[in-house]
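Here is the structure we will look at, set down as structure tokens.
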Amino acid sequence: MTYRSEKKTVARRFRFGIAAALIVSLMVAAGAVAEIVAPPPALESLQAYFRDQVEQERVTSITLAVRKGGALIWAEAFGYRDFAEKIPATPETLYPIASLSKPVTGALMLLLQDQGLLQLDDAANEYLGVTLIDGNGYDADQVTLLSLANHVSGLPPEIDMVYDDAPIRSFAERMQRFGWLANKPGDFFIYNNLSTEILSQVAQKVAGRTWHEQLRTGIFEPLGMRQTARWAAGIDDPEKVKLYCRSFEGDFVQVGAYELNSFEAGGIWSTPVEYARFTDMVIAGGELDGVRVLSPESATAMLAPENSGGGRSARGVAWKSDTFRGHQRISHVGGMPGIKSAAHGIPDGRIVVVLAVNCDQDSLRWSYTQKILDAVVPETAPRPTAPTAPAGNGDAGPPLNLEELAGTWSGQVQGPDAVRNITLELAADGALDIALDGVPATRQHALTKPGSKFMGGSTALGRQLAFDLNAELPLHATYRGGLTIQFQLNYKDGVLDGAAIASPIDYAAQLTRDQAPVKRPQFQIPMRTRLTRVTGDAASGA
């Protein structure tokens with residue numbers, strides 16, 4: 001299903017129709033209908049730029065909200081919430097905000113802490129009853145609620161998608177499959193969806209109400225976020241945007257219905273206007289328009305950068321914290337098939353920028369957000385040096401070298417539905433041969449340097465061996481193609497253990513012109529991995 005035939009005439013007609021719409025002030029808290037809010041003169045050039053991006057079919061829609069000093073200064077939508085029918089997007093168009101759901105859950109945990117129902121420094125397993133985090137050789141009691149919110153818990157990367165009518169996995173089943181530690185808690189920042197799902201389960205246990213009901217009454221309603229909700233993929237709403245990706249030929253193709261198993265990590269639908277109100281509340285000290293949602297102490301904690309994950313990423317509670325043009329900035333992004341979103345908050349001057357696009361255009365999402373930030377955030381001072389890892393950092397020991405690991409290693413890769421034997425032949429010069437069940441695998445590259453990236457996380461300690469391979473394993477209900485399997489193995493006491501993360505080799509390879517709607521398999525499935533030395537210096541006792 002492709003949609004390119006009508007583009008020029010219809011795009012111009014709707015473009016001019018939107019430009020001529022009545023421009024009024026937006027009063028979401030009072031329940032008013034969201035309208036276009038004209039940008040100040042300094043941003044008018046961006047208005048023309050975004051219109052041109054839509055007309056050139058670089059993107060299907062762009063919807064944005066900009067706040068400054070506690071007021072909405074720009075709210076506008078460009079392009080189409082339904083690209084096939086050329087139905088324009090508006091500031092009220094609902095987008096799945098993907099991982100922007102995570103800071104909302106982080107705020108809920110702080111709200112529960114304000115109410116005396118939990119402490120973020122508590123061990124998560126204290127609240128989970130019989131469904132516990134599996135230490136897998138590490139101390140699971142070191143996994144705190146805060147470490148889950150900040151993705152430094154030790155859980156491996158994980159994204160678990162559901163397509164068509166496949167059932168959502170229960171929390172107990174997901175914990176059994178994915179709720180185990182691949183690293184020592186606190187050592188690494190590794191992005192994980194199950195972390196947020198665990199937090200939602202804790203919230204439900206301590207408050208006796210569902211995660212979404214608590215969000216509705218504790219955050220959404222007080223902030224006037226009347227449209228924001230957890231919407232299941234199959235529930236229709238006239239304001240819900242349709243999602244698109246690119247075919248091999250470059251056409252926009254509608255993405256098929258799907259959901260995350262951990263919908264708490266990415267299942268909220270909202271508008272940039274409403275999410276900007278939430279972000280503004282956070283950077284304004286927990287209060288917006290005279291309504292207090294978080295205590296000043298909790299709002300400060302949500303902003304406070306912590307040097308976590310080996311110094312790679314400073315984070316507040318569920319927000320990344322860095323600097324932009326000399327100002328502190330909190331930010332988060334979201335991305336799933338057919339949707340990219342971003343939210344940025346600058347406490348100095350109370351500047352908020354929130355943006356969503358309904359297509360798989362990650363580079364455009366970044367460039368669009370950057371253009372707005374450049375226009376609204378003044379330069380004040382040189383950017384400070386990024387945080388660095390604390391000296392010593394636990395029992396990391398000296399960095400690895402390849403000679404130390406040279407030899408033959410053997411063990412297992414244990415996935416939720418498959419177990420494979422694995423053998424590594426590692427030479428002192430870095431040459432690496434890998435076999436699964438005795439069959440040689442296609443090796444892509446080896447990474448052994450401290451600080452190398454791994455599936456959104458970072459290896460900062462230097463006691464890890466990381467490498468990729470291509471293989472085919474029966475790991476996903478709706479995917480039967482080739483996989484990239486990325487290994488991140490910790491070396492300690494003569495053992496290599498950690499996680500192997502399987503994901504599709506190429507999402508775009510699943511697209512053909514006659515698929516309508518198209519499925520875009522997107523997942524990260526962690527597998528426990530443990531290998532011992534068979535031959536080499538350590539094995540021979542040398």
Side-chain angles (χ1 to χ4, degrees), residues 1-8 10-11 14-15 18 46 49-65 76-100 159 161 163 231 233 237 239-260 266-272 275 333-343 353-372 504 506-513 515-522:
M1 182 186 297
T2 57
Y3 314 122
R4 293 182 68 92
S5 59
E6 309 172 61
K7 63 180 181 181
K8 295 292 185 182
V10 177
F14 277 104
R15 185 189 71 183
I18 293 173
L46 290 178
Y49 170 77
F50 288 137
R51 288 171 182 157
D52 187 60
Q53 290 287 293
V54 170
E55 184 161 340
Q56 292 182 33
E57 292 193 355
R58 299 289 308 283
V59 67
T60 44
S61 79
I62 310 155
T63 299
L64 58 87
E76 194 162 358
F78 306 86
Y80 311 101
R81 64 175 176 81
D82 186 331
F83 187 77
E85 300 297 329
K86 295 297 184 290
I87 301 174
T90 75
E92 282 205 319
T93 295
L94 281 163
Y95 290 80
I97 61 173
S99 287
L100 293 190
I159 298 175
M161 309 295 289
Y163 291 87
W231 293 81
D237 184 280
E239 292 296 336
K240 285 176 68 175
V241 75
K242 287 188 164 71
L243 307 179
Y244 298 92
C245 57
R246 293 279 191 185
S247 70
F248 283 126
E249 294 81 5
D251 300 325
F252 287 123
V253 184
Q254 187 179 336
V255 176
Y258 64 86
E259 282 207 71
L260 281 170
I268 294 176
W269 288 66
S270 187
T271 69
Y275 199 88
V333 296
M336 296 190 300
I339 179 66
K340 301 296 179 184
S341 58
V353 175
V354 179
L355 180 145
V357 298
N358 61 329
C359 58
D360 283 334
Q361 301 293 101
D362 193 40
S363 61
L364 293 182
R365 182 262 312 269
W366 283 108
S367 65
Y368 294 163
T369 306
Q370 186 71 32
K371 285 180 180 295
I372 301 172
D506 187 350
Y507 300 157
Q510 309 307 309
L511 305 182
T512 62
R513 291 190 69 97
Q515 286 178 299
V518 70
K519 300 181 183 69
R520 298 205 72 197
Q522 182 176 356

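Throughout, numbering of the chain's residues begins at 1 and tracks the sequence. Everything numeric in this text was worked out from a predicted model, so none of it was measured.
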Do Lys340 and Val333 have side chains that get closer than 4.5 Å, going by heavy atoms? no
Decide yes or no for Leu260 and Ile159: does some side-chain heavy atom of the first lie under 4.5 Å from some side-chain heavy atom of the second? yes
Any idea which heavy atoms bring Trp269 and Lys240 closest together, and the distance? CH2-CE, 3.4 Å
For Gln370, enumerate each residue passing the side-chain hydrogen bond (donor to acceptor under 3.5 Å, both in side chains) test, keeping only those at least two apart in sequence or located in another chain. Asp374
Give me the ring orientation class for Phe83 and Phe252: parallel if the planes are under 30° apart, tilted from 30 to 60°, perpendicular past 60°. perpendicular
Ile372 side, atom CD1; Leu355 side, atom CG - distance, nearest 0.5 Å: 5.0 Å
Atom pair CG/SG of Asp251 and Cys245 - distance to nearest 0.5 Å: 11.0 Å
I'd like to know if the side chain of Arg246 and the backbone of Cys359 have a donor-acceptor N/O pair within less than 3.5 Å. no
Please examine the side chains of Glu76 and Phe50, heavy atoms only from C-beta on, and report whether any two atoms are closer than 4.5 Å. no
Exercise: identify the closest heavy-atom pair between Met336 and Pro96: CE-CB, 4.4 Å
Would you mind reporting whether Leu100 and Ile268 have side-chain heavy atoms less than 4.5 Å apart? no
Identify, with sequence neighbours excluded, every residue that meets salt bridge (charged side-chain N to carboxylate O under 4.0 Å, His left out) alongside Arg81. none
What I'd like to find out is whether the side chain of Val54 reaches to under 4.5 Å of the side chain of Val59, using heavy atoms alone. yes
Residues Lys242 and Asp82: closest non-hydrogen pair is NZ-OD2, 3.3 Å
So CD1 of Ile87 and CD of Glu239: to nearest 0.5 Å the spacing works out to 10.0 Å
I'd like to know if the side chain of Tyr95 pairs up with that of Ser341 as donor and acceptor (distance under 3.5 Å, no hydrogens or angles considered). no
Check Leu243 against Pro337 and note the closest heavy-atom contact, atom names and distance. CD1-O, 3.7 Å
Sorted by chain and residue number, the side-chain hydrogen bond (donor to acceptor under 3.5 Å, both in side chains) partners of Thr60 (sequence neighbours excluded) come out as Asn358
To the nearest 0.5 Å, how far apart are CD in Glu57 and OH in Tyr80? 8.5 Å
Which heavy atom of Ser61 sits nearest to which heavy atom of Ala89, and what is that distance? CB-CB, 4.1 Å
In short, Thr63 meets Pro91 closest at the heavy-atom pair CG2-CA, 4.3 Å
Mind checking side-chain hydrogen bond (donor to acceptor under 3.5 Å, both in side chains) for Tyr368 and listing every partner two or more places apart, or none if nothing turns up? Gln53
Residues passing the side-chain hydrogen bond (donor to acceptor under 3.5 Å, both in side chains) test with Thr369, sequence neighbours excluded, are none
